[in-house]
Number of protein chains: 2
Amino acid sequence: MKNCTKTRLALETATIKDIAKALNLSTSTVSRALRGSYEINPETKRIVLECAEKLNYRPNPIALSLKENRSRAIGVVVPEIDNPFFSQAINGIEAIAYNRGYHVVIFQSHESYDREVVNIQHLASRRVDGVLISLSGQTTHVEHLKELHTKGMPIVFFDRFSDEINTHKVVADNYQGAFEGTEHLINSGKKHIAHLAASPTLSITRERISGYKAALEKHGIPYNEDFVKYCNFSIEDMENVIDELLSQPILPEAIFTVSDRLAMACLKILKKRNIRIPEDMALMGFSNLKVAELLSPSFTSVIQPALEMGQRAAELLLDLVEKKSKSPAYQTVTLPTELVIRDSTKTASK
Amino acid sequence: MKNCTKTRLALETATIKDIAKALNLSTSTVSRALRGSYEINPETKRIVLECAEKLNYRPNPIALSLKENRSRAIGVVVPEIDNPFFSQAINGIEAIAYNRGYHVVIFQSHESYDREVVNIQHLASRRVDGVLISLSGQTTHVEHLKELHTKGMPIVFFDRFSDEINTHKVVADNYQGAFEGTEHLINSGKKHIAHLAASPTLSITRERISGYKAALEKHGIPYNEDFVKYCNFSIEDMENVIDELLSQPILPEAIFTVSDRLAMACLKILKKRNIRIPEDMALMGFSNLKVAELLSPSFTSVIQPALEMGQRAAELLLDLVEKKSKSPAYQTVTLPTELVIRDSTKTASK
DNA sequence: AACGTTACCGACAACGATTGCGTAAATATT
DNA sequence: AATATTTACGCAATCGTTGTCGGTAACGTT
């Protein structure tokens, strides 16, 4: 009967015990009443519900997590939040997670392998129910993930994956996107087409180069490896590589960049050098910039469905998390890209 | 001695109990050994540490959370992740949280009051240790936050705050930024300057309008309320409002937009109408777009230190979280903005 | 009247970790 | 030698919740 006024450090929330005490019931009964168990008197239920309402009772998810050995949270590891592609993907992830009752815990690898490993360790010890990850540009081996995966942690890759782990993957059709993009440049009359690639260790890089090569081959244009430049993600490195490309004996007529940041760096340097786009040099990108059409000149892009990729990946992950049956029917979802042609590749010989 | 092979649903992780069993010790001893308690035999410690290492023991943060009534996670509520300002801010938040041992749980309000309320409820029941929030454009009252706050939940506002809650706030110097921006337009020879504002309920909106008015007043330009337009955040609404502004009897010579999305929408519409920038109309924004300089024309902006705002806010929040003393010396941190002048406001009469 | 059914509810253990308290043995003190 | 102290560890409670088991009524059945 005595109302205990315990002062906790943080916010005090009513527990099932408080309700039990107030109503002179056992915690078991209260628990069952709250979950609507059939073996509780409807009248008792009513009273319990009423009291719970009055005390503003909220079940403690931490206690539940401990009991059920699940956290109802998923971890997301991306190279950089502040990158339109990833922030759009996270938007999609959050949407799905949200209405399936999960929370999203964010980690950034900053394109660093070491950070990625630490992130994974955190996620593991955090007991998230599953992991969505897009690999860092530095990542060449995935033992850290493999260990987690064999231990039973559901993992789904999106965009940047590794073949060494057999699980769901959600990717854009990088090959086709690069093929169409390159073909568009070719159809615009360009023969010397450079390809500014990201880290050579990434799956997306390889796929896009394949598409690029295939388009060249289809149109009988010889492949020139001097026209393909890789770079990691530091600003200086990007600018150096681009400078290097533009200082070659044979200047390309077109540059196909495969990331937003590369595209921006490239545009900046070209402008600085007073190279006219698209007259002197056509430019296009694998881009998720919403402002692409407002750039100067408006930017031709192969657009990836970032939001949808996030959604699909989250759905697949949560299916894995909630699936009791160990059905390893792992699939690779390939989403179509879209080529949007704008001014940066407009052919002069119109 | 018997090695129990319990098969849990998810990943099996060694617990303190497993170590105790393997070493024929009590869990208390193991626990103390792991924390390096002075009252444990150094030799015993060694053995325990060794065994923990071998079993790849990781303390269960959920169990700790339950015991200590804290989660070592902070909740972040933003209107939209996929918005450069907020993704940059989250970047800063994640950086600080990361190296202070906290995790970041993300929520989006999508500029909806209802979503924001639900988010707050989730955060509360999730038992995060603190909340960082930037209010939604629809939010006019903050009872949901006030309740949480009076219950003891540390809350720190960044960018969009409410005066009704007495706590730390981290904001950009919106007044000064708007003042300088407006003055720049005036100095460029413009007299009819429109101000495209966000939701009138937001603190940032009021502050910026104040700065705008003050600049007008300083230069003896009468305030014309037809030149100030508010809009919420739906694309249609934005375009309607802009269309409306551009269809007035007196066309402004310059538009000062106060968000990235508004600036983009505005730029788009002006281009569609073949209104030349800056000849027919100067344009500038309160922007965090990294590509602002690459837009067509390059975009004059008042830049907010988004990353730093996130960092400062996270620091203040974690200080609150970890502070034992209830010292309500709440402060409002105002970070300076920076006016970057580019082509979109270049004066023709140079 | 004796038994079996239901309906309803409580005690207890468990999830993983920490901690106050107790206590045995080993050592030190007188 | 008797006592006091230290060393090193175990027991049990705790955090909030749920599952298992069990129990007690009230009722119906023979």
Side-chain angles (χ1 to χ4, degrees), chain A residues 4 6-49 51-52 55-72 124-127 129, chain B residues 4 6-49 51-52 55-72 124-127 129:
Chain A
C4 77
K6 52 175 141 184
T7 35
R8 259 182 240 115
L9 291 172
L11 25 182
E12 23 193 315
T13 325
T15 73
I16 223 169
K17 226 177 266 184
D18 298 326
I19 301 180
K21 212 168 290 176
L23 264 39
N24 216 19
L25 288 171
S26 78
T27 59
S28 334
T29 302
V30 175
S31 171
R32 275 185 286 255
L34 290 172
R35 331 209 101 241
S37 166
Y38 66 97
E39 53 180 43
I40 297 294
N41 190 327
E43 175 61 11
T44 309
K45 273 185 199 171
R46 203 187 53 73
I47 297 179
V48 169
L49 266 309
C51 181
L55 266 54
N56 194 29
Y57 169 79
R58 295 280 175 271
N60 186 326
I62 297 177
L64 282 175
S65 291
L66 182 58
K67 211 163 196 332
E68 301 173 359
N69 206 34
R70 58 173 353 215
S71 59
R72 285 207 162 267
S125 72
R126 256 268 143 175
R127 263 61 163 192
D129 295 340
Chain B
C4 76
K6 52 175 141 184
T7 36
R8 260 183 240 113
L9 290 173
L11 24 181
E12 23 191 317
T13 325
T15 74
I16 222 170
K17 228 178 263 183
D18 298 325
I19 301 179
K21 213 169 290 177
L23 264 38
N24 214 21
L25 288 170
S26 77
T27 58
S28 343
T29 303
V30 174
S31 171
R32 277 187 276 251
L34 289 173
R35 334 208 98 240
S37 165
Y38 67 97
E39 54 178 41
I40 297 294
N41 191 326
E43 175 61 12
T44 309
K45 271 185 199 170
R46 203 187 53 74
I47 297 179
V48 170
L49 267 309
C51 182
L55 266 54
N56 193 29
Y57 168 79
R58 295 278 175 275
N60 187 326
I62 297 176
L64 283 176
S65 291
L66 181 58
K67 194 144 206 344
E68 301 173 358
N69 206 32
R70 65 191 325 234
S71 59
R72 284 205 161 270
S125 74
R126 256 269 144 175
R127 265 52 166 197
D129 295 339

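Chain A is the first sequence line, chain B the second, and so forth, proteins listed ahead of strands; every chain is numbered from 1.
- Atom-to-atom, CG of B:N60 to C1' of C:dT18 comes out at 13 Å; the value is rounded to the nearest Å.
- Using a 4.0 Å heavy-atom cutoff across all strands shown, B:R58 reaches sugar-phosphate atoms only and no base atom.
- Scanning for side chain to side chain donor-acceptor pair (under 3.5 Å) contacts around A:R32 gives an empty result, with sequence neighbours left out.
- Taking atom CD on B:E68 and atom P on D:dC15, their separation rounds to 14 Å, with Å as the unit.
- Rounded to a whole Å, the CG atom of A:N69 is 18 Å from the P atom of D:dT17.
- Every residue was checked against the side chain to side chain donor-acceptor pair (under 3.5 Å) condition with A:E39, not counting sequence neighbours, and none meets it.
- If you measure from atom CD1 of A:I16 to atom C1' of D:dT18, you get 8 Å, rounded to the nearest angstrom.
- Rounded to whole angstrom, the span from the CZ atom of A:R72 across to the P atom of D:dT17 amounts to 16 Å.
- Straight-line distance from the CD atom of A:E39 to the C1' atom of C:dC8: 7 Å, rounded to whole Å.
- Under the side chain to side chain donor-acceptor pair (under 3.5 Å) criterion, B:R46 pairs with B:E43, B:E50, sequence neighbours left out.
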Restricting to nitrogen or oxygen on both sides, can you table the protein-nucleotides 23-26 of chain C pairs closer than 3.5 Å?
none

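- A search for side-chain contact (heavy atoms from CB on, under 4.5 Å) contacts involving A:R35 returns A:S31, not counting sequence neighbours.
- Among the protein residues, A:S65 comes within range of no part of the nucleic acid, since none of its heavy atoms lies under 4.0 Å from any strand.
- Residues B:P42 and B:K67 both approach DNA chain D. Their nearest nucleotides, taken by heavy-atom distance, put B:P42 toward the 5′ side.
- Distance CG (A:D18) to P (D:dC15): 10 Å, rounded to an integer number of Å.
- Contacts of A:I62 with the nucleic acid, taken as non-hydrogen atoms under 4.0 Å apart, are absent.
- In terms of the side chain to side chain donor-acceptor pair (under 3.5 Å) criterion, A:N41 has no residue partners (sequence neighbours excluded).
- Contacts between residues 28-38 of chain B and DNA chain D, counted as heavy-atom distances below 4.0 Å, involve B:S28, B:T29, B:R32.
- Between B:R127 and B:T27, the residue anchored nearer the 5' end of DNA chain D, judged by the nucleotide with its closest heavy atom, is B:T27.
- The C1' atoms of five pairs define one axis at each end of the helix from C:dA1-D:dT30 to C:dT30-D:dA1, and these two axes lie 70° apart (to 10°).
- Counting non-hydrogen atoms under 4.0 angstrom, A:L66 reaches a base of the nucleic acid.
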Would you tabulate the side-chain donor-acceptor contacts of residues 59-67 of chain A under 3.5 Å, counting partners in other chains and residues two or more places apart, or write 'none'?
{"residue": "A:N60", "atom": "OD1", "partner": "A:I62", "partner atom": "N", "Å": "2.8"}
{"residue": "A:N60", "atom": "OD1", "partner": "A:A63", "partner atom": "N", "Å": "3.3"}
{"residue": "A:S65", "atom": "OG", "partner": "A:P61", "partner atom": "O", "Å": "2.9"}
{"residue": "A:S65", "atom": "OG", "partner": "A:R70", "partner atom": "O", "Å": "2.9"}

